[in-house]
Amino acid sequence: MGPGIKIDERLIEANLSTINYPDWLDRLRTTFSDFELAFEGGESSRTASERGIAAIRDVLITSENPTVVVTHGRLMTLILKYCDSKFGFDEWKTLTAPDAFELTLVDSETTIRRIWNSESP
């Protein structure tokens, strides 16, 4: 790892299930409205969100600004949802790989701005 690069296992993707469900997309959609729902071998959105937010809080406490945090789509959307309730399944569906959002925290106000996606010119 280069200087200043830290790996935090709490930022791994939120696992939907260990079963390859043919209707996985519908199941995923449901996890954005039912935060307690967990499928076999997977974790609920609440559990994933809590670990992701804990990692972000630690970054805010221990890191210098600006800081880049890298994670996966479902977990990123859950973190964004924590900051702004409008984020959910439909926003997850619009993500590209890679994608980038800027979160600005001033006092208790958070602003979110999509700053790049792989479909940008």
Side-chain angles (χ1 to χ4, degrees):
M1 292 294 129
I5 296 175
K6 299 175 185 169
I7 295 176
D8 189 326
E9 293 296 323
R10 294 174 296 178
L11 294 172
I12 63 172
E13 180 61 297
N15 185 21
L16 182 64
S17 178
T18 53
I19 296 174
N20 189 11
Y21 293 109
D23 62 342
W24 70 270
L25 193 59
D26 290 330
R27 289 172 185 263
L28 179 63
R29 177 190 328 261
T30 304
T31 66
F32 280 98
S33 57
D34 182 351
F35 259 46
E36 305 305 326
L37 179 62
F39 298 105
E40 185 175 331
E43 64 184 325
S44 70
S45 289
R46 178 156 330 279
T47 300
S49 180
E50 287 174 353
R51 74 174 160 79
I53 295 303
I56 298 298
R57 283 190 176 131
D58 286 351
V59 166
L60 292 173
I61 292 168
T62 62
S63 298
E64 298 196 16
N65 291 319
T67 301
V68 175
V69 175
V70 179
T71 190
H72 299 268
R74 180 176 173 215
L75 185 62
M76 180 175 67
T77 305
L78 292 170
I79 291 168
L80 294 172
K81 184 174 185 62
Y82 176 83
C83 298
D84 184 341
S85 62
K86 78 173 184 178
F87 282 86
F89 178 77
D90 290 336
E91 289 69 29
W92 171 84
K93 280 180 36 179
T94 68
L95 295 179
T96 60
D99 212 327
F101 288 82
E102 176 184 62
L103 276 71
T104 305
L105 306 167
V106 177
D107 298 324
S108 62
E109 295 291 319
T110 304
T111 58
I112 301 170
R113 182 172 67 101
R114 190 175 195 177
I115 58 174
W116 186 82
N117 68 59
S118 66
E119 295 174 358
S120 295

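In this chain, residues are counted from 1 in sequence order. Quick caveat, the model's predicted, so the values are computed rather than measured.
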- Note on the structure: Here the side chain to side chain donor-acceptor pair (under 3.5 Å) pairs for residues 77-87, sequence neighbours left out, are R57-Y82

- Of all pairs that satisfy side chain to side chain donor-acceptor pair (under 3.5 Å), the ones with a partner from residues 31-43, not counting sequence neighbours: E36-R46, E43-R51

- Task: Of all the heavy-atom pairs spanning L11 and G52, show the shortest one and how long it is.
- Result: CD2-O, 4.3 Å

- Message: How close do T110 and C83 get, counting heavy atoms only, and between which atoms?
- Response: CG2-CB, 3.8 Å

- Message: I need the full list of salt bridge (charged side-chain N to carboxylate O under 4.0 Å, His left out) pairs touching residues 8-20, with sequence neighbours left out, sorted by first then second residue.
- Response: D8-R10, R10-D58

- Quick one: which residue pairs count as a salt bridge (charged side-chain N to carboxylate O under 4.0 Å, His left out) with a foot in residues 96-109, not counting sequence neighbours? D99-R114, E102-R113

- Begin with the C-alpha distance, continue with both residues' side-chain angles, and end with the deciding distance and a verdict on side chain to side chain contact (heavy atoms under 4.5 Å, CB included) for R29 and D26. CA-CA 5 Å; R29 177 190 328 261; D26 290 330; 3.8 Å; yes

- Query: Going by side-chain heavy atoms closer than 4.5 Å, which hydrophobic residues are tied to F35, directly or by a chain of links?
  - Reply: L16, I19, Y21, W24, L25, L28, F32, L37, F39, M76, L78, L80, F87, F89, W92, L95, F101, L103, I112

- Mind running side chain to side chain contact (heavy atoms under 4.5 Å, CB included) on L75 and I12 for me, showing each step along the way? CA-CA 8 Å; L75 185 62; I12 63 172; over 6 Å; no

- Item | V59: side chain to side chain contact (heavy atoms under 4.5 Å, CB included) partners, not counting sequence neighbours | S63, T67, V69

- Under the side chain to side chain contact (heavy atoms under 4.5 Å, CB included) rule, collect the residues that match up with P66, sequence neighbours excluded. none

- Task: Applying side-chain hydrogen bond (donor to acceptor under 3.5 Å, both in side chains), name anything that partners T47, two or more places apart in sequence or on another chain.
- Result: S44

